[in-house]
Amino acid sequence: MSRVTIFLWMLILLPATSYAEVDWNAVPVKKVALFYPGMTSWEYLVGQDHATGGNAVARGEKSCQDCHVKEGRFDIFADDILKGKIRIKSKGISLEPEPPKGITGFKDVDVQAAYDSINLYLRLKWPSPEGASFKDPSLDAQGLSDRVAIQLNGNLRSFSKAGCFMACHNDSAYMPDSPSEDEVSANPFYASQKRKDVRLYAHFTRSRGWSSLKPEQDMEKYLKAGGFMDLWVAGFKGKDVVTSDESIFYDRIKDSSQDLSAQGAWENGFYTLAIQRKLTTQDKMDIQLQEGKGFTVGLALYDNKNGHRKHFVSFPVSVTIGGGQAEITAVKTGEAVAPVN
Ligand code: HEC
């Protein structure tokens, strides 16, 4: 055998680590608190309805937790949002006009992160008394299931302060000002995508609402500088775990290259889900990860087969791969790390 052939054989035979082989008992657990936001949108958060929060969020001066976490505890009325008791005063409507059934205002998720020279591994565990999608693979008409959707970005200041909220708008589908299907499909951008709904978009890609897309040449610099959100979705279709590698900029789209894999289960009232992605990929709509580098994630979680806005979300959470200060530190697998109690 030539040396090249031997090398190729080694590449094939070298076992790649996978989430199944990570010793999760040795990886620290970070509890991330999620809450039910109802129709909390970017426009609500930067406007007068948000009182003193409005200017602070618009100027990117403070992050959500600066005002809404006190002594380590959430200070936000999510149970009241869920019950329809918090109102968007300027619109005279509730933040949640159709309270979903079977859930409460808060949900904690246990997050673990690990990496090796090839991959980042994320493991999430959250309580779900019913385990609805795991027990019953028949999805509802719109293809919704119990799942997580993780937005990631390492460059945008507004994302590090406001997380997913910078992509959620009053005129998105299932939100108070969402345009009709006819209006959406008449818009040149959405017509070119053959689309009838407005999905998540980065707030700075528009000048005045969903239909006013800023020209591509002005937005090119954001894309080049990684100013888009990567989006990792993984969820249950019965006992199968289904992933979707997506991104958000002008629009929420499925990436042309699918770079995620995941596995998970539901047991004793808890879902667990481990997601794996290569640190670096060839896709320009993927976040590129690196040891020693930090980034921000926003978690969204769907339980009890609820869909669309009816999810739990986190404030922005800082993550670092290896070194650096952050709320979650991904630890190198294979290295000795202190066991978790
Ligand atoms: C400068 C402080 C400040 C910041 C920063 C801030 N908020 Fe608020 N927020 C407030 C105040 C004050 C209220 C109560 C508004 C009112 O009078 O109804 C509020 C209300 C809310 C509510 C309605 C439910 C409730 O508990 O009253 C939500 C939801 C909310 N904020 C989410 C956010 C999110 C998400 C962010 C980050 C993007 C954020 N806030 C950042 C101060 C802040």
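As the structure lists them, so they are numbered: ligands from 1, and atoms in each ligand from 1.
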*Is it the side chain, the backbone, both or neither of Tyr36 that has a heavy atom closer than 4.0 Å to ligand 1?*
neither
*If you measure from the Lys or Arg side-chain nitrogens to the Asp or Glu carboxylate oxygens, is any gap between Asp171 and Arg206 under 4.0 Å?*
no
*Of the protein's non-hydrogen atoms, which lies at the shortest distance from atom 1 (C) of ligand 1, and what is that distance?*
Cys67 SG, 2.7 Å
_Protein residue, atom and distance nearest to atom 33 (C) of ligand 1, heavy-atom basis_ = Leu45 CD2, 3.3 Å
*asked:* I'd like to know if the side chain of Gln288 pairs up with that of Thr280 as donor and acceptor (distance under 3.5 Å, no hydrogens or angles considered).
replied: no
_For Ala51, the ligand 1 atoms whose distance to one of its heavy atoms is below 4.0 Å_ = 15 (C), 17 (O)
*asked:* Using a 4.0 Å cutoff against the non-hydrogen atoms of Tyr44, which atoms of ligand 1 qualify?
replied: 22 (C), 23 (C)
_Among Phe159, Phe204, Phe228, ring pair (Phe, Tyr, Trp, His ring centres under 6.0 Å) partner for Tyr222_ = Phe204
*Would you say Glu61 touches ligand 1, if touching means a heavy atom closer than 4.0 Å?*
no
_Shortest reach to atom 41 (C) of ligand 1 by a heavy atom, considering only Lys62, His50, Met39_ = His50
*Give a yes or no on whether Cys64 keeps an N, O or S atom under 2.8 Å from atom 8 (Fe) of ligand 1.*
no
*Any non-hydrogen protein atom below 4.0 Å of atom 3 (C) of ligand 1?*
yes
*No-hydrogen, no-angle side-chain donor-acceptor test under 3.5 Å, Asn170 and Ser41*: yes
*ligand 1 versus Thr52, non-hydrogen atoms closer than 4.0 Å: side chain, backbone, both, neither?*
both
_Please state which option from Phe35, Phe315, Phe77, Trp42 has its nearest heavy atom closest to atom 27 (O) of ligand 1._
Phe77
*Between Phe165 and ligand 1, which residue portion shows a heavy-atom distance shorter than 4.0 Å: side chain, backbone, both, or neither?*
side chain
_ILVMFWY network linking Phe249 to Ile253, side-chain heavy atoms under 4.5 angstrom_ = no
_Taking 4.0 angstrom as the limit and counting only heavy atoms of Ala162, give me the atoms of ligand 1 inside it, by number and element._
38 (C)
_Out of all atoms in ligand 1, which are within 4.0 Å of some heavy atom of Ala56? Include the element for each._
1 (C)
*asked:* At less than 2.8 Å, would any N/O/S atom of His68, backbone or side chain, sit next to atom 8 (Fe) of ligand 1?
replied: yes
*Between the side chains of Ser180 and Asp182, does any donor sit under 3.5 Å from an acceptor?*
no
*Go through ligand 1 atom by atom and flag the ones less than 4.0 Å from a non-hydrogen atom of Val57.*
41 (C)
*Heavy-atom contact under 4.0 Å between Thr40 and ligand 1?*
yes
_Strictly below 4.0 Å, N to O, side chains only: are Glu291 and Lys332 in salt-bridge contact?_
yes
*Please write down residue, atom name and distance for the protein heavy atom closest to atom 24 (C) of ligand 1.*
Ile81 CD1, 4.0 Å
*Just checking, any donor-acceptor pair under 3.5 angstrom between side chains of Asp283 and Ser257?*
no
*Compare Met166, Lys89, Lys161, Lys85 and give the one whose heavy atom is closest to atom 18 (O) of ligand 1.*
Lys89
*asked:* Show, in sequence, the C-alpha distance, side-chain angles and deciding distance for Phe312 and Trp126, and conclude whether the ring-ring contact (aromatic ring centres under 6.0 Å, His included) test is met.
replied: CA-CA 11 Å; Phe312 298 90; Trp126 71 94; over 10 Å; no
*Residue that, paired with Glu246, satisfies salt bridge (charged side-chain N to carboxylate O under 4.0 Å, His left out) out of Arg199, Arg252, Lys254*: Arg252
*Are the aromatic rings of His50 and Tyr44 close, with centres under 6.0 Å apart?*
yes
*Is the shortest side-chain N to carboxylate O distance from Lys91 to Asp177 below 4.0 Å?*
yes
*Close approach, Ser63 and ligand 1, non-hydrogen under 4.0 angstrom*: yes
*Heavy atom under 4.0 Å from ligand 1: found in Ile76's side chain, backbone, both, or neither?*
both
*Does Pro37 approach ligand 1 within less than 4.0 angstrom via side chain, backbone, both or neither, non-hydrogen atoms only?*
neither
*Do Arg195 and Tyr190 meet the cation-pi criteria used here (NZ or CZ under 6.0 Å from the six-membered ring centre, within 45° of the axis)?*
no
